[in-house]
There are 2 protein chains.
Amino acid sequence: MKIDPDSSADLSAQIATAIRDEIIAGRLIVDARLPSEAELADHFNVSRPTVREALKRLAAQSLIRTQRGATGGAFVNRISFPEAYAQQITTSTLLLSMNDVSFETACEARFALERSCAALCAHRRSADHLADMRAEVHRQSQLGLTDEAFCASDVTFHRALVDGAGNPVLSYQLAGAVEAMQPLMNMITFSARDRARIVALHVAIADAVEAQDGGAVAAGLTALEVETQTLAARVFAARAAQS
Amino acid sequence: MKIDPDSSADLSAQIATAIRDEIIAGRLIVDARLPSEAELADHFNVSRPTVREALKRLAAQSLIRTQRGATGGAFVNRISFPEAYAQQITTSTLLLSMNDVSFETACEARFALERSCAALCAHRRSADHLADMRAEVHRQSQLGLTDEAFCASDVTFHRALVDGAGNPVLSYQLAGAVEAMQPLMNMITFSARDRARIVALHVAIADAVEAQDGGAVAAGLTALEVETQTLAARVFAARAAQS
DNA sequence: AAAACTGTAATTGTCTGACATTAAAAAAGC
DNA sequence: GCTTTTTTAATGTCAGACAATTACAGTTTT
């Protein structure tokens, strides 16, 4: 591992970067044990708290895990899909909420990405995925559902569609796009008529998935995108007029 | 902010989670200043090093930035697109390299996602994006290029295509998919004939983008996917036979 | 009066040293 | 040979101190 001269950056940041580079370059493989904190401190010529801060940075990115006890230490972590999902969702959500990304832009990206699953999902979907989609459609049709519950069910429906493509990498990438939209969707209040239209489109999509007609799935998603965009435009216009 | 009982988890992890939740929920807005480390230590009833470890965890995710001096402290950071790109790429790259994701699966996901930009890029592409694509095609045609330089140019070409869609959220999501493939692509050695075929497909895609024909862009990407998959299959088969 | 300088206070960055906690391995006892 | 106890090595936490940095106010100089 490289050394850190007395540059302007934090020592802990430099050390974290040095170790991260080792992991990315493959010189530290999964489950390899890092030297103990005392050894690292000695190696980098810093104190143990500084090393610890560096290790915590890496732990925050799920790059390492730590274990106490005699044979404990810091180990290179095999980043799991669920962990990657979670990071992806957090980053995407904050990116959207902090950068004044318009609803249109986010919505366009989300549906563009989801359409990329249409053909694969139509081709590969299992009975389970289809059943999940039908179940969510049924849930959405119930009266007296809160807006938040409606949106949550919407997300579950779309995740079933994405997972139906049977490609974990695709599911991972889409997780951010679909979940990060939820806070934006929650800003909208859905009237009974709006919900009925959305549910009808969901039914059409589920039918297309069942028929394994990729083109129809994509068309259904496009129709849903148009519906969502016009609905959002109406809500935001009304809200702007009110204030 | 909530307190942390003496549960089994690390105190610094609990504190980091508590603060992260405040940020995600919007109770701590961008550029808001967190209490000083001493105040946080007092509030959570822990020592300052523990608080610092928590803050470093958040800094590693670009959720906060710190500043020294009299009016310094920790501030909620507006996560920028470049920062989000970098995190996305790191996570995606490690996810692929550590989880035995097959080349086919990763490649399928990557091209499926990229096709989602085809129509938008064809519609919106600027002259700049087109020029970038042409420039990369020209670079790829040069003889004596190393495999790595060829792959790097390939990535730049595809990023120009993605950016041509004019949707920053889409560019962000695709960054991970496109860049994370590079290490996998670098495992392949491209013969002159292979390169010529790929360049020809790139030319076809650039032509389609210039003609603003979204369907042709998507078709070109599909052809490129087929070419890449068969090429990779041949390389891996040859390598397997050799050993 | 304006500008340059200086000191002070607040805050993060780092170090030292210590103790608590944990969990595996070695040793002891039966 | 098995169970129990002790040892040991590692992380987790704490307390206190000092260094480095920066804004601000007050002072001096021009």
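Residue numbers begin at 1 in each chain, while the letters A, B, ... track the order of the sequences.
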> Considering only heavy atoms from C-beta outward, does the side chain of A:T228 approach that of A:F111 to under 4.5 Å?
Replying inline: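 Yes, side chains in contact.
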> Quick one: are B:L113 and B:V162 in side-chain contact, heavy atoms under 4.5 Å?
Replying inline: no
> Run the side chain to side chain donor-acceptor pair (under 3.5 Å) check on A:Q61 and B:T90 step by step: do they pass?
Replying inline: CA-CA 10 Å; A:Q61 296 177 297; B:T90 302; 6.0 Å; no
>> Looking only at the side chains, is there a donor atom on one of B:D147 and B:T189 sitting less than 3.5 Å from an acceptor on the other?
In response: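 No, B:T189 and B:D147 have no side-chain donor paired with an acceptor closer than 3.5 Å.
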Interatomic distance where [atom1] belongs to [X] and [atom2] belongs to [N] [whole Å]:
X     : N      : atom1 : atom2 : answer
B:L40 : D:dC14 : CG    : P     : 14 Å
A:R48 : D:dC14 : CZ    : P     : 13 Å
B:R52 : D:dA19 : CZ    : C1'   : 13 Å
A:L34 : D:dA10 : CG    : C1'   : 13 Å

Spell out, as yes or no, whether a donor-acceptor pair under 3.5 Å connects the side chain of [X] to the backbone of [Y].
X      : Y      : answer
B:R65  : B:V76  : yes
A:N167 : B:T105 : yes
B:R48  : B:A38  : no

> What are the residues of residues 64-77 of chain A, sorted by number, that bring a heavy atom to within less than 4.0 Å of DNA chain C?
Replying inline: A:R68, A:G69, A:A70, A:T71
> Does B:K56 come within less than 4.0 Å of B:E53, counting only side-chain N to carboxylate O?
Replying inline: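 No, no charged N to carboxylate O under 4.0 Å.
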>> Please identify the 5'-most and 3'-most nucleotides of DNA chain C with any atom under 4.0 angstrom from a heavy atom of chain A.
In response: C:dG13 to C:dA24
